[in-house]
Amino acid sequence: MTSKENILAIAKKTILSESEAIVKLIDYLDENFSKAVEIIFQSKGRLVVTGIGKSAIIGQKMVATFNSTGTPSMFLHAAEAIHGDLGMIQENDVIICISKSGNSPEIKALIPLLKRDGNPLIGISGNSNSALAKGSDFVLNTTVDMEACPINLAPTNSTTAQLVMGDALAVCLMEMRDFKPEDFAKYHPGGALGKKLLLKVKDLIEHNQKPIVTPDTPVKKVIFEISEKRLGVTAVIENDTVTGIITDGDIRRMLNDTDNFTDLTAKDIMSRNPKSTSSETMAIDALQILENHSITQLIVIDNGVYKGVLHLHDILKEGIL
């Protein structure tokens, strides 16, 4: 039975082995890499990534990264390519082929087919003397001394090296495209990350009711307004201007301090100068305001005009936090 200490030692050894393999990639970067990046950047077509086995899985991850960072890409499985899927490749496409050995039967059969229409071929391989390396226009060397696998067979260091090389390509292309957070958000509109970059306060309050009372509104009606509008708060409006805010916490404190509130009005219990924001404020920035002041509601005001209330729950239900 392997002890806890041995398990941790094996894990650390694996991570160290893979990290050392990655660091060595730096010495393999040469003109082939820079030219490959330029070819992809200048292409009027897509980036087609192909491979087989574990390299195919790495290729699928590369495609996902390229697509989400502004480089239109698609995955072509090497085994399926020779059974009809080669038709996916168009005239202006650039091709990346990934293979550790560069000599697997499927890859060797595929290379001349990939090149027959003149598409640029970028090979990612751990064997600079392989059929893939010799048949590629540009070769990205991902050689590893050994795998982290204890029997030196299961792809570990080699697939990590491939993955990192793909990330290096993607980041270089992002820099060349001057890819910004708002560009990233366009490709991730549905996830929490996209919402952080896209959602504004106006998007969160558009279906909220607008609780309103005047300074002279009796407290009983204030309570009804807060309860009916279900935001735990109401704005106090005088001459079309927000003069204060009353929260359900203010109501509880009033009830704790007095037994008779018949003669009390909104101005007697409201808090003046409430924290506010505009409808154009990013939701993530509004969240920061709420957290900084340890509050759960913000009054929304545009150019002095009351637009509604943003509640912390509006942000939470979008999965931003």
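In this chain, numbering begins with 1 at the start of the sequence shown. Remember, it's a predicted structure, so these values are computed and weren't measured experimentally.
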Chemist: Stepwise, does the side-chain hydrogen bond (donor to acceptor under 3.5 Å, both in side chains) test hold for Thr265 with Asp216?
Modeler: CA-CA 5 Å; Thr265 61; Asp216 296 325; 4.9 Å; no

Chemist: Under 3.5 Å, which donor-acceptor pairs link side chains of residues 107-119 to any protein atom two or more places apart or in another chain?
Modeler:
| unit_1 | atom_1 | unit_2 | atom_2 | d |
| --- | --- | --- | --- | --- |
| Lys115 | NZ | Gly135 | O | 3.4 |
| Lys115 | NZ | Asp137 | OD1 | 3.3 |
| Asn119 | ND2 | Gln90 | O | 2.9 |
| Asn119 | ND2 | Glu91 | O | 3.3 |
| Asn119 | ND2 | Asp93 | O | 2.8 |

Chemist: Can you check whether Ser73's main-chain N or O pairs, donor with acceptor, with Asn67's side chain at less than 3.5 Å?
Modeler: yes

Chemist: How about Lys24: does its NZ atom have over 12 heavy atoms from other parts shown lying under 6.0 Å from it?
Modeler: no

Chemist: side-chain hydrogen bond (donor to acceptor under 3.5 Å, both in side chains), that's the test. Do Thr160 and Asn157 meet it? Break it down for me.
Modeler: CA-CA 5 Å; Thr160 300; Asn157 289 3; 5.7 Å; no

Chemist: Please determine whether a side-chain nitrogen of the Lys or Arg among Asp167 and Lys61 lies less than 4.0 Å from a carboxylate oxygen of the Asp or Glu.
Modeler: yes

Chemist: Any side-chain heavy atom of Lys100 within less than 4.5 Å of one from Gln162?
Modeler: yes

Chemist: Contact between Leu29 and Met165 at the side-chain level, heavy atoms closer than 4.5 Å - yes or no?
Modeler: yes

Chemist: Are Asn208 and Val309 side-chain neighbours, meaning at least one heavy-atom pair lies under 4.5 Å?
Modeler: no

Chemist: State, yes or no, whether a side-chain contact exists between Thr156 and Glu18 at a heavy-atom distance under 4.5 Å.
Modeler: yes

Chemist: Is the side chain of Ser55 donor-acceptor paired with the backbone N or O of Gly51 at a distance under 3.5 Å, no angle test?
Modeler: no

Chemist: Does any donor atom in the side chain of Lys13 or Ser17 lie under 3.5 Å from an acceptor atom in the other side chain?
Modeler: no

Chemist: Would you say Ile289 and Asp285 make side-chain contact, with heavy atoms under 4.5 Å?
Modeler: no

Chemist: If we ignore hydrogens and angles and just use 3.5 Å, is the side chain of His311 paired with the main-chain N or O of His313 as donor and acceptor?
Modeler: yes

Chemist: Above 12 or not: heavy atoms from other molecules or residues under 6.0 Å from NE2 of His207?
Modeler: no

Chemist: Would you call Cys97 and Leu121 a side-chain contact if the rule is heavy atoms closer than 4.5 Å?
Modeler: yes

Chemist: What distance do Ile205 atom CD1 and Asp314 atom CG have between them, rounded to the nearest 0.5 Å?
Modeler: 8.5 Å

Chemist: What distance separates Met270 CE from Met254 CE, expressed to the nearest 0.5 Å?
Modeler: 15.0 Å

Chemist: Before giving the answer on side-chain hydrogen bond (donor to acceptor under 3.5 Å, both in side chains), spell out for Thr71 and Arg177 the whole-Å C-alpha distance, their side-chain angles and the decisive distance to 0.1 Å.
Modeler: CA-CA 9 Å; Thr71 300; Arg177 299 185 198 284; 3.1 Å; yes

Chemist: Looking at Ser3 and Asn6, would you say the former's side chain and the latter's main chain have a donor-acceptor pair under 3.5 Å?
Modeler: yes

Chemist: Please name all residues satisfying side-chain contact (heavy atoms from CB on, under 4.5 Å) with Lys210, sequence neighbours left out, ordered by chain then number.
Modeler: Tyr306

Chemist: Check for a donor-acceptor pair, side chain of Ser68 on one end and backbone N or O of Ala64 on the other, with a separation under 3.5 Å.
Modeler: yes

Chemist: Is the shortest side-chain heavy-atom distance between Ser128 and Thr143 below 4.5 Å?
Modeler: no

Chemist: Quick test of your reading of the model: are Glu225 and Lys229 salt-bridged, counting only N-O distances below 4.0 Å?
Modeler: yes

Chemist: Do Met62 and Ile124 have side chains that approach each other closer than 4.5 Å (heavy atoms only, starting at C-beta)?
Modeler: yes

Chemist: Passes salt bridge (charged side-chain N to carboxylate O under 4.0 Å, His left out), Arg253 versus Asp250? Steps please.
Modeler: CA-CA 5 Å; Arg253 283 186 288 273; Asp250 293 324; 2.7 Å; yes

Chemist: Using a 3.5 Å distance criterion without hydrogens, assess whether the side chain of Thr243 forms a donor-acceptor pair with backbone atoms of Val236.
Modeler: yes

